[in-house]
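Heads up, the thing below is written out as structure tokens.
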Amino acid sequence: MNKVAIMTDSNSGISLQQAKEMNCFMLNMPIILNQNTYIENENIEVSFFYEQQEKGANVTSSQPSIASLMNMWEEILKEYDEIVYIPMTSALSGSCQSAMSFAQEFDGKVQVVDNHRISVTQLLSVMDALSMAEKGYGAKEIKERLEKEAYDASIYITVDTLKYLQKGGRITPAVALLGSMLHIKPVLTIQGEKLDTCSKARGMKSAFRIMVEHLKEDFDTRFKEIDEDHELALGLAYTYMSEEDISKWKLKLQEQFPDLPFYSAPLTMSIGCHVGPGALGVALIVKHKE
């Protein structure tokens, strides 16, 4: 039986300590701030990043270098026979397609998964992959199963400010100004391939209520029937906000779905570049039973 390593990137929201405890490998993503490149979890603090962003700094996400990715694979393959690499969805970054291209140099020993997920949904893909590896699945089998189940997740996200959506060109300055004056919060959805607007709300509380309503609709329709090998899980994702606010939203979400296992993970700086601090996401994810 081949020894299979599971690897992801920092967009999964998994901390370095969690990665160590889970026995998975982590590729930290680069962030460009005022033309200087930083690496998540290595040489930039989350608080510093958002302070600079709010001061008007030019912040963008970036792909990891070819060297950092391939060197990491080479090091892992000194101990393992195969690697399953689970990067963020290809719909939001070119890093997944790049990794697939680079993996061809490893004669099938590196399997790159495009399972169209981010943050807490990506986290549960990593957990499923670890479980399958422990059960003896090969890297290619794990990749195929994760991609087959890629769309068995639903995530909704709202932002605290429209400023960064405007800066990224997703909305016009006029819409951003009117939205700010009226305290309008867009509710966005990630359903596999695309990030789309699905609703609008006046204020964060209203946006949260609408997101929960969408989850309940998905619960009663898309996820009504799940086979005996899987279960439905609840997820919360967020960009920079106080621990008090994070705890508040966790409690409110769990109150709506008290019987579901619950997971949370931050939306990392790569996503924060586009949505800013105070963004909040909720999710339902089909996961493998333990």
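Please read all numbers here as calculations on a predicted model, not as lab measurements.
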- Message: Working note: Q52 + V59, criterion side chain to side chain contact (heavy atoms under 4.5 Å, CB included); need CA distance, chi angles, decisive distance, verdict.
- Response: CA-CA 9 Å; Q52 295 302 305; V59 295; 5.5 Å; no
- Is there a side chain to side chain contact (heavy atoms under 4.5 Å, CB included) between Y38 and L33 once you walk through the steps? CA-CA 7 Å; Y38 299 86; L33 194 159; 3.8 Å; yes
- For Q18 and C24, run side chain to side chain contact (heavy atoms under 4.5 Å, CB included): C-alpha distance rounded to whole Å, both residues' side-chain angles, the deciding distance at 0.1 Å, then the answer. CA-CA 9 Å; Q18 287 175 317; C24 71; over 6 Å; no
- Message: For a side chain to side chain contact (heavy atoms under 4.5 Å, CB included) check, start with the C-alpha distance between D218 and Y156, then their side-chain angles and the critical distance, and finish with the verdict.
- Response: CA-CA 11 Å; D218 291 338; Y156 299 91; 2.7 Å; yes
Side-chain donor-acceptor pairs under 3.5 Å in residues 206-215, sequence neighbours left out?
unit_1: S206; atom_1: OG; unit_2: R209; atom_2: NH2; d: 3.4
unit_1: R209; atom_1: NH1; unit_2: E213; atom_2: OE2; d: 2.9
unit_1: H214; atom_1: NE2; unit_2: S199; atom_2: OG; d: 2.9

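Using a 4.5 Å heavy-atom threshold, the side chains of D81 and K109 count as separate. Side-chain atoms of F219 and F257, non-hydrogen and from C-beta on, do get closer than 4.5 Å to each other. Side-chain contact between S264 and W249: absent, with no pair of heavy atoms (C-beta onward) separated by less than 4.5 Å. Here the side chains of M22 and I14 are in contact, with some heavy-atom distance below 4.5 Å. Under the 4.5 Å side-chain criterion, counting only non-hydrogen atoms from C-beta, Y240 is in contact with S47. Annotation: side chain of L284 is in contact with side chain of L260 (closest heavy-atom distance under 4.5 Å).
Summarising the geometry of L253 relative to G235, their closest heavy-atom pair is CD2-O, 3.4 Å, with the distance given to 0.1 Å. Taking every heavy atom of both residues into account, P277 and D160 meet most closely at O-CB, 3.6 Å. Minimum interatomic distance between K287 and D128 (heavy atoms only, all atoms of both residues): CA-OD2, 3.8 Å. Of all non-hydrogen atoms in F49 and C273, the two that sit nearest each other are CZ-SG, 3.8 Å.
At a cut-off of 3.5 Å, with distance as the only test, no side-chain donor of E40 or N28 sits close to an acceptor on the other residue. Between the side chains of S68 and S65, a donor-acceptor pair is found at a separation under 3.5 Å. If you check the side chains of E149 and H288, you find a donor sitting under 3.5 Å from an acceptor.
For D9 (side chain) and M88 (main-chain N/O), a donor-acceptor pair under 3.5 Å exists by modelled atom type. Remark: side-chain polar atoms of S10 are paired, donor with acceptor, to backbone N or O of M29 under 3.5 angstrom. With hydrogens and angles disregarded, no donor-acceptor distance shorter than 3.5 Å links the side chain of S95 to the backbone of Q63. Proximity of a side-chain donor or acceptor of S119 to a complementary backbone N or O of P266 within less than 3.5 Å is detected. Judged by distance alone, with hydrogens and angles left aside, the side-chain atoms of K289 form a donor-acceptor pair with the main-chain N or O of E228 at under 3.5 Å. Looking at T239, its side chain does come within 3.5 Å of a backbone N or O of A279 through a donor-acceptor pair. No donor-acceptor pair closer than 3.5 Å links the side chain of S61 to the backbone N or O of I31.
Listed by chain and residue number, K78 satisfy the salt bridge (Lys or Arg N to Asp or Glu O under 4.0 Å) test with E75 (two or more places apart in sequence, or in another chain). When the side-chain contact (heavy atoms from CB on, under 4.5 Å) test is applied to D227, the partners found at least two apart in sequence or on another chain are D229, H230.
Put simply, OH on Y238 and CG on L280 are 10.5 Å apart, with the number rounded to the nearest 0.5 Å. The CG atom of N58 sits 11.0 Å away from the CG atom of N36 when rounded to the nearest 0.5 Å.
K250 NZ: more than 12 foreign heavy atoms inside a 6.0 Å radius. At most 12 heavy atoms of other shown residues, nucleotides or ligands fall within 6.0 angstrom of atom CD in E244. Under a cut-off of 6.0 angstrom, the local environment of CD in Q35 is sparse, with at most 12 non-hydrogen atoms contributed by other residues, nucleotides or ligands. Residue-environment remark: NZ (K20) stays at or below the threshold of 12 foreign heavy atoms within 6.0 Å.
Under the side-chain hydrogen bond (donor to acceptor under 3.5 Å, both in side chains) criterion, the residue pairs touching residues 130-143 are Y137-R145, K143-E147, with sequence neighbours excluded.
Membership of the apolar cluster around F25 extends to M7, L27, I66, L69, M70, M72, W73, I76, L77, Y80, I83, Y85, M100, F102, F106, V110, V112, as traced through chained side-chain contacts below 4.5 Å between ILVMFWY residues. Grouped by direct or indirect side-chain proximity (heavy atoms under 4.5 Å, Ile/Leu/Val/Met/Phe/Trp/Tyr only), I39 sits alone.
Screening N11, I6, I142 for a side chain to side chain contact (heavy atoms under 4.5 Å, CB included) with I86, the sole residue that qualifies is I6.
The cluster map of Ile, Leu, Val, Met, Phe, Trp and Tyr, joined by side-chain heavy atoms under 4.5 Å apart, puts V286 and L146 in different clusters. The same ILVMFWY cluster, assembled from side-chain heavy atoms under 4.5 Å apart, contains both L232 and F262. At a threshold of 4.5 Å between side-chain heavy atoms, the hydrophobic network of Ile, Leu, Val, Met, Phe, Trp and Tyr places L236 and I285 in two separate groups. Connection of V282 to L124 is not established within any shared hydrophobic cluster, with ILVMFWY side chains joined at heavy-atom distances below 4.5 Å, either directly or through further cluster members. Criterion: ILVMFWY side-chain heavy atoms under 4.5 Å apart, direct or through other members. Under it, V120 and I271 are not part of a common hydrophobic cluster.
Electrostatic pairing of E82 and K3 does not count as a salt bridge here, judged by no charged N lying under 4.0 Å from a carboxylate O.
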